[in-house]
Participant: 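Take a look at the following structure, please.
Letters go in sequence order (proteins before strands), and every chain restarts at 1. Predicted model only: the values in this text are computed from it and were never measured.
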2 protein chains.
Amino acid sequence: MDLNERSRNILRAVVVSYIERALPIGSQTVTKSFSFGLSPATIRNIMAELEDRGYLSQPHTSAGRIPTPKGYRLYVDELMEEDHPTLFDEEFLKENYLSTKREDPHALLLETTRMLSLLSHYAGVVLAPKISETRLDRLEFILLRKGHVLVLQVSKDGLVQHRIIDADPELTQKDLSRISAFLNEKFGGLNLDEIRLRLLQQMRAEKDQYDRLLQKAMELGRKALEEPPQEELYVIGTSNILNLPEFAENLEKMKALFKTFEEKAAILKLLNNSITTEGVQIFIGSENRMPGIEDCSLVVSSYRSGDRIVGTLGVIGPTRMEYDRVIPLVDHTAKLLSRLLDQD
Amino acid sequence: MDLNERSRNILRAVVVSYIERALPIGSQTVTKSFSFGLSPATIRNIMAELEDRGYLSQPHTSAGRIPTPKGYRLYVDELMEEDHPTLFDEEFLKENYLSTKREDPHALLLETTRMLSLLSHYAGVVLAPKISETRLDRLEFILLRKGHVLVLQVSKDGLVQHRIIDADPELTQKDLSRISAFLNEKFGGLNLDEIRLRLLQQMRAEKDQYDRLLQKAMELGRKALEEPPQEELYVIGTSNILNLPEFAENLEKMKALFKTFEEKAAILKLLNNSITTEGVQIFIGSENRMPGIEDCSLVVSSYRSGDRIVGTLGVIGPTRMEYDRVIPLVDHTAKLLSRLLDQD
DNA sequence: ATTTAGCACTCTGTTGTATAGAGTGCTAAT
DNA sequence: ATTAGCACTCTATACAACAGAGTGCTAAAT
């Protein structure tokens with residue numbers, strides 16, 4: 001049932017050629033570009049077999065072959081020689097990326113996205129750490145106007161997020177400061193889910209107590225943490241996609257793709273799914289079931305801060321992506337980002 | 001030299017028809033769609049004259065006419081009957097926009113952009129108020145780790161921005177709190193430019209004084225305000241542009257346009273230029289000299305918070321934009337936003 | 001038992017030609 | 001001043017012819 005070595009070589013040749021040329025690959029092209037010591041006729045037989053088995057497809061009877069997602073999958077999993085980032089990419093990152101200021105995680109993540117886009121020539125995406133899953137460093141409340149409170153969350157890794165919530169109009173800034181201090185004391189170092197849980201427990205326990213400020217602290221804390229904070233997704237380089245021939249020819253696909261890019265929800269969902277898995281993951285074309293990007297491939301990797309996975313980053317490009325270059329790039333970038341986030 | 005009434009009517013007819021149909025307009029179309037009581041031949045004469053004068057152009061000898069930017073300009077300035085937003089737009093905004101929560105200006109601005117895009121069917125843009133030009137309500141410093149300080153700025157209209165700066169590593173949170181209090185006391189209610197100026201003056205004056213904390217306060221204040229804060233531009237609905245026939249047919253223009261959208265710099269510049277002018281401004285096609293959007297028109301209006309102009313918003317669409325619908329829409333939206341920002 | 005040369009066949013894309021249609025500009029009549 | 005009429009121009013479309021790339025199959029060669 002398995003493909004023999006020769007068939008695999010031919011498949012590799014077709015995939016590599018197609019990635020380079022974006023045109024259906026015929027038996028002649030294969031014989032010319034690679035030296036298998038086989039005639040076109042033989043190649044044709046093998047290609048026909050590969051098509052039967054679902055690794056290649058033909059746009060029409062008398063055309064060359066194009067890899068199917070299954071074909072790319074085999075290539076990526078078993079045939080590709082992927083090892084290190086290219087020397088250029090590695091050097092470039094060392095010179096231009098590692099030197100970015102690390103004090104503001106936002107700036108750092110943005111720069112990471114830019115690097116991914118720049119070096120891959122596709123679109124770079126970075127899903128920012130969800131502040132709710134990081135350990136809390138500080139929680140501050142600042143009174144804006146009566147009844148409106150600015151909540152400032154700072155995580156241990158320096159991630160900052162602010163949000164405005166409604167609150168008891170009787171609270172003064174003094175109350176708020178005391179509440180901040182109290183909550184920081186009590187919950188500093190925990191992650192938000194834990195805090196939320198403890199708050200609820202405690203509120204139940206102390207329901208009947210008379211310490212009104214304590215109650216307000218609990219109430220405010222709960223409110224501050226209850227709504228899921230907006231998820232932050234950086235996307236840079238979508239216009240790179242416009243240069244690819246496969247989309248230039250198919251306006252409909254491009255429309256769908258750009259709508260997806262603009263709405264971000266589908267991409268968020270995909271990246272969120274990948275956050276549980278360690279290392280590089282690859283979604284090839286229709287393997288990912290997201291409408292709009294079913295003609296794209298994604299190469300994503302989770303990254304960490306300290307010993308916890310906190311987010312994912314990656315590259316979105318055509319199924320005809322240069323996997324052997326992009327996969328090590330994404331892997332490497334994820335590691336560099338993890339390192340940058342860790343060194344504090 | 002001026003166009004007579006009849007020519008102006010014909011020009012209006014051509015512009016209106018072209019906006020609707022996106023195809024060169026011939027003399028027959030004009031006679032059929034409008035009843036001027038003139039034969040096609042007469043229309044032709046007039047159109048030829050309009051072309052001579054630069055209001056219309058012909059893609060080729062035997063085609064109908066297309067308005068030039070000059071033609072659109074005359075239409076917009078003198079021929080168009082623009083008055084109110086459509087009933088639908090007005091109702092829609094009343095129902096869906098005026099009810100948005102106003103406590104978080106960011107959310108509000110985002111919603112505004114969404115509305116502009118939704119109702120115009122083009123791309124909506126909103127340039128957020130520059131916090132440096134708003135009056136300061138609060139300035140808070142929070143120590144992240146040694147030498148890194150989170151600066152939190154809150155403006156009187158509730159605009160919040162945070163930034164991370166390097167600072168004297170010897171400063172403790174206690175120092176920072178005192179500095180915050182001091183600066184708030186001294187400068188609350190002023191705008192950042194004023195504050196910056198006063199700080200410099202004062203620093204010079206008190207150079208030789210021995211109050212070290214005061215000096216540090218000055219120094220920190222200066223640092224916190226020195227770098228221009230990033231400008232915030234919301235853009236929503238770029239993918240609407242993909243549906244327009246003029247761009248679908250011209251891939252190159254579309255590429256340029258989307259690159260411009262992604263980079264945002266050109267749009268920022270344009271909107272910043274418009275911030276000094278009150279009311280609605282219109283840039284038609286090549287009138288705006290920004291590469292990438294020279295085939296687009298912009299309808300923008302400044303908006304205010306209280307009695308000061310703080311930002312601009314608008315719509316980016318094809319030169320063939322439905323000006324009579326979009327201009328009142330932009331105008332109306334700007335006024336609504338101003339009202340929402342004011343009611344505090 | 002493979003491999004391959006040879007060949008008929010298929011499909012695309014390009015080129016050239018004819019044609020219909022839309023629209024113009026000009027002239028002469030109203 | 002307007003317009004009917006007409007010759008002219010240019011585009012878009014359809015169609016045919018054809019070159020080119022590529023295939024699959026068969027029979028010969030290794």
Participant: So, A/Ser7 side chain and A/Leu3 main chain: donor-acceptor pair closer than 3.5 Å or not?
Facilitator: no
Participant: Any chance you could lay out the salt bridge (charged side-chain N to carboxylate O under 4.0 Å, His left out) test for B/Arg289 and B/Glu294, step after step, and finish with the verdict?
Facilitator: CA-CA 6 Å; B/Arg289 292 249 157 266; B/Glu294 67 264 349; over 6 Å; no
Participant: Counting just side-chain N and O atoms, does B/Thr42 come under 4.0 Å of either OP1 or OP2 of D/dT3?
Facilitator: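 Answer is yes, contact under 4.0 Å.
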Participant: In terms of the nearest nucleotide of DNA chain D, which residue is placed more toward the 5' end: B/Ser39 or B/Thr61?
Facilitator: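 Nearest nucleotide further toward 5': that of B/Ser39.
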Participant: Under 3.5 Å, is there a donor-acceptor pair between the side chain of A/Glu262 and the main chain of B/Thr238?
Facilitator: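 Yes, because the side chain of A/Glu262 sits within donor-acceptor range (under 3.5 Å) of the backbone of B/Thr238.
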Participant: Measuring to OP1 and OP2 of D/dA21, would you say a side-chain N or O of A/Arg44 lies under 4.0 angstrom away?
Facilitator: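 Answer no for this pair, as no side-chain N or O of A/Arg44 is under 4.0 Å from OP1 or OP2.
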Participant: Could you tell me whether the side chain of B/Met321 reaches within less than 4.5 Å of the side chain of B/Val315, counting heavy atoms only?
Facilitator: yes
Participant: For DNA chain C, note the earliest and the latest nucleotide, 5' to 3', having some atom under 4.0 Å of a heavy atom belonging to chain B.
Facilitator: C/dA22 to C/dG25
Participant: Could you tell me the separation between the NE2 atom of B/His60 and the P atom of D/dT11, rounded to a whole number of Å?
Facilitator: 5 Å
Participant: Is it true that A/Tyr75 and A/Tyr55 have ring centroids separated by less than 6.0 Å?
Facilitator: no
Participant: Can any side-chain N or O of B/Asn272 pair as donor or acceptor with the backbone N or O of B/Leu268 at less than 3.5 Å?
Facilitator: yes
Participant: Would you kindly compare A/Asn45 and A/Pro24 by the position of their nearest DNA chain D nucleotide and give the one closer to the 5′ end?
Facilitator: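 So the residue in question is A/Pro24.
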